[in-house]
Number of protein chains: 2
Amino acid sequence: MNVLEQIQLNLNKLSRSERKVADAILASPKSAIHSSIATLAKLADVSEPTVNRFCRRMDTKGFPDFKLHLAQSLANGTPYVNRHVEESDSVEDYTNKIYEATLASLDRSRQMVDTATINRAVDILTQSKQISFFGHGASAVVAQDALNKFFRFNVPVQSFQDDLMQRMSCINSSDGDVVILISHTGRTKSLVELAMIAKENDATVIGITATDSPLANECNLVISTEIPEDTDLYMPMASRIGQLVIIDVLATGFTLRRGSKFRDNLQKVKQGIKESRFNKLLNK
Amino acid sequence: MNVLEQIQLNLNKLSRSERKVADAILASPKSAIHSSIATLAKLADVSEPTVNRFCRRMDTKGFPDFKLHLAQSLANGTPYVNRHVEESDSVEDYTNKIYEATLASLDRSRQMVDTATINRAVDILTQSKQISFFGHGASAVVAQDALNKFFRFNVPVQSFQDDLMQRMSCINSSDGDVVILISHTGRTKSLVELAMIAKENDATVIGITATDSPLANECNLVISTEIPEDTDLYMPMASRIGQLVIIDVLATGFTLRRGSKFRDNLQKVKQGIKESRFNKLLNK
DNA sequence: CACATTTATGTAATTTAATTACATATATTG
DNA sequence: CAATATATGTAATTAAATTACATAAATGTG
């Protein structure tokens with residue numbers, strides 16, 4: 001709830017003088033944010049400390065803080081709104097809606113990500129003997145992206161899409177191995193089974209999934225991706241983008257933790273695939 | 001143009017001390033708006049009047065006015081700053097930087113996307129006999145994601161990662177087939193070859209790639225993903241996220257264009273994979 | 001209703017924040 | 001190199017905001 005709304009909703013609960021302050025602000029909020037407390041107090045016909053008390057009552061630290069919050073209230077509300085695609089939408093409409101929904105989802109993910117958990121995951125990954133990434137459907141794509149990223153570090157890393165290969169990999173796992181299971185809902189049956197098998201074989205299981213789900217309950221560590229989202233027939237599942245960014249974060253953390261030797265290997269890989277590309281200047 | 005953008009655009013034109021001020025603000029704009037001029041000056045290692053002069057240079061009346069404008073910039077949907085990950089970064093720092101870089105990239109992509117081109121691509125896809133998605137490396141992941149999405153529409157769609165299979169698919173293509181080639185730079189040699197082969201066989205070639213690249217030159221239609229980005233050893237390639245969102249947009253456009261028959265098929269697929277998941281209420 | 005207690009309010013004093021003035025340092029130009 | 005312009009920081013001054021305290025008004029209790 002922003003400050004402007006808060007003022008309007010609490011009008012009836014304000015005292016006589018504080019009501020005067022509210023009225024003066026509501027009469028011209030744009031002007032209020034640029035006014036001194038003295039100017040506003042005079043305009044509202046109250047004392048300066050009354051204005052200050054009003055600001056405190058609106059849960060701000062004082063007048064300058066109140067003005068900042070009011071300024072943000074005036075500046076168009078929340079930055080990205082998650083709106084449904086409608087059948088009648090033009091290409092401009094649905095394109096923008098999808099971008100905004102994705103941005104909104106990613107922003108929420110940014111706010112909710114638990115960096116302590118990320119740090120622990122990076123610890124575990126850094127010390128692992130082998131890393132496996134598994135997921136199904138859209139999350140399988142994330143697992144493959146993870147493979148593509150971690151493969152460049154020249155550490156033992158694998159990812160399979162075939163269900164049997166996944167099971168065998170988990171059966172073959174042992175202490176020091178890490179199995180990362182990726183699932184939006186955490187309710188995919190076969191992934192929960194993979195978690196159990198891996199744990200039975202002393203691997204560490206990390207879930208990139210919804211907390212308080214069957215899969216989360218079988219994991220040693222859970223990186224939460226539980227952003228509520230409206231999926232319907234037209235709206236893509238934006239949360240897989242959040243999963244991809246978590247992979248990015250883990251990969252960067254891994255690189256930073258591992259230090260210069262792995263940076264060198266990254267450079268080696270980058271150089272090694274250069275020939276598969278047209279040179280930027282010559283082959284235009 | 002808001003204050004945050006103005007700062008970023010004028011970085012090169014600032015004097016040494018004022019550049020320090022800008023860097024301190026960009027490092028933590030949310031914190032800056034709540035700071036006194038003394039705190040910010042200390043943080044930036046400059047004098048208080050230098051901060052005041054910086055604010056005047058940004059066309060604000062002084063520090064309080066600058067803060068108000070900055071607060072509105074932050075509330076207005078362009079808050080994200082693309083900052084490099086440093087070796088000394090904490091997990092909080094690099095996590096936030098990666099999220100912000102991704103959000104910044106995606107926001108730019110949103111602003112630059114050409115909806116007329118999207119519309120044409122949706123036209124072409126809607127009328128196609130068969131759709132193929134190909135990419136390499138990180139873009140191969142995008143191609144697979146596309147397969148996962150379009151497969152649900154029950155239209156002929158394919159995607160291979162094996163180079164030979166890709167070539168054979170393009171050799172086998174004919175009029176009415178669409179080949180979508182995904183590449184960040186547009187300079188991957190084998191993808192350019194795929195484009196040539198597909199065109200020789202009368203397929204329509206759509207590139208999700210950089211304009212003015214070898215691949216773009218071989219395509220019938222180019223959906224541009226040419227967002228300048230700073231990639232270095234630590235920063236992930238955020239543009240693949242933009243490619244994924246373009247796939248989302250195309251898929252939604254396809255669904256809207258195709259109408260109710262395809263909506264029904266989506267429901268059928270969704271229902272069909274329900275049993276692979278634990279029921280939300282019962283199996284907790 | 002009267003009295004006691006609590007809450008609201010404004011004046012004045014104090015503190016903090018921001019701005020201005022001025023001297024010095026640095027960069028640029030002829 | 002010298003002269004001029006620009007940048008910068010210290011110290012002083014002004015403005016803005018907050019706190020302290022006394023008084024007024026409202027509320028609650030017997």
Side-chain angles (χ1 to χ4, degrees), chain A residues 3-4 6-7 9-74, chain B residues 3-4 6-7 9-74:
Chain A
V3 160
L4 206 47
Q6 207 168 348
I7 296 173
L9 282 173
N10 287 290
L11 281 179
N12 293 328
K13 296 180 197 161
L14 298 174
S15 64
R16 197 190 55 194
S17 285
E18 288 184 7
R19 175 64 192 260
K20 282 185 183 176
V21 179
D23 288 339
I25 289 163
L26 292 176
S28 185
K30 271 197 192 170
S31 172
I33 60 174
H34 296 291
S35 302
S36 65
I37 199 169
T39 302
L40 188 61
K42 192 168 210 168
L43 192 66
D45 192 32
V46 300
S47 71
E48 291 172 28
T50 299
V51 176
N52 189 265
R53 284 192 273 261
F54 171 85
C55 299
R56 295 298 181 96
R57 188 179 296 277
M58 294 296 142
D59 299 316
T60 59
K61 287 190 200 124
F63 190 57
D65 193 41
F66 171 80
K67 284 199 286 185
L68 281 176
H69 282 92
L70 184 58
Q72 295 193 308
S73 294
L74 292 175
Chain B
V3 160
L4 204 49
Q6 208 169 347
I7 297 172
L9 283 172
N10 287 291
L11 282 179
N12 294 329
K13 295 181 203 160
L14 297 175
S15 63
R16 197 189 54 194
S17 286
E18 289 184 10
R19 176 61 194 258
K20 285 186 184 176
V21 179
D23 287 340
I25 289 162
L26 292 177
S28 184
K30 274 199 189 166
S31 171
I33 61 174
H34 296 292
S35 302
S36 64
I37 198 168
T39 301
L40 187 61
K42 191 169 211 165
L43 191 67
D45 193 33
V46 299
S47 71
E48 291 172 27
T50 299
V51 175
N52 190 265
R53 284 189 273 261
F54 172 85
C55 297
R56 294 301 181 94
R57 187 177 298 273
M58 293 297 141
D59 298 318
T60 58
K61 286 188 200 124
F63 189 58
D65 192 43
F66 171 80
K67 285 198 291 187
L68 281 175
H69 281 92
L70 183 59
Q72 295 193 308
S73 293
L74 290 177

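In 5' to 3' order, the nucleotides of DNA chain C bounding all contacts with chain B (an atom under 4.0 Å from a heavy atom) are C:dA18 to C:dT20.
At least one donor-acceptor pair under 3.5 Å links the side chain of B:Lys67 to the backbone N or O of B:Ser35. In terms of modelled atom types and a separation under 3.5 Å, the side chain of A:Arg19 and the main chain of A:Asn12 share no donor-acceptor contact.
At least one side-chain heavy atom of B:Leu14 sits under 4.5 Å from a side-chain heavy atom of B:Met58. In this structure the side chain of A:Leu4 reaches within 4.5 angstrom of the side chain of A:Leu26, judged on heavy atoms. At least one side-chain heavy atom of A:Val3 sits less than 4.5 Å from a side-chain heavy atom of A:Ile7. Residues B:Ile33 and B:Leu68 form no side-chain contact, since every pair of their non-hydrogen atoms from C-beta on lies 4.5 Å or further apart. The shortest distance between side-chain heavy atoms of A:Asn52 and A:Arg56 falls below 4.5 Å.
In this view, A:Thr50 and A:Ser47 satisfy the side-chain hydrogen bond (donor to acceptor under 3.5 Å, both in side chains) rule, not counting sequence neighbours.
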Please determine whether side chain to side chain contact (heavy atoms under 4.5 Å, CB included) holds for the pair B:Arg57 and B:Glu18, giving the CA-CA distance in whole Å, both sets of side-chain angles, and the decisive distance to 0.1 Å. CA-CA 9 Å; B:Arg57 187 177 298 273; B:Glu18 289 184 10; 2.5 Å; yes
B:Val51 and B:Glu48: CA distance, side-chain angles, deciding distance, side chain to side chain contact (heavy atoms under 4.5 Å, CB included) verdict: CA-CA 5 Å; B:Val51 175; B:Glu48 291 172 27; 5.7 Å; no
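Axis orientation changes by 30° from one end of the helix from C:dC1-D:dG30 to C:dG30-D:dC1 to the other, with each end axis drawn from 5 pairs and the value rounded to 10°.
One can place CG of B:Asn52 at 13 Å from C1' of D:dT14, the figure rounded to the nearest angstrom.
Listed by residue number, B:Ser15, B:Arg16, B:Ser17 are the residues of residues 14-24 of chain B with a heavy-atom contact under 4.0 Å to DNA chain D. Of the residues in residues 36-50 of chain B, those placing a heavy atom less than 4.0 Å from an atom of DNA chain D are B:Val46, B:Ser47, B:Pro49, B:Thr50, in numerical order.
Pairs engaging residues 24-33 of chain A under the side chain to side chain donor-acceptor pair (under 3.5 Å) rule: none recorded [sequence neighbours left out].
Proximity of the aromatic rings of A:Phe54 and A:Phe63 is defined here by a centroid distance below 6.0 angstrom, and this criterion is not met.
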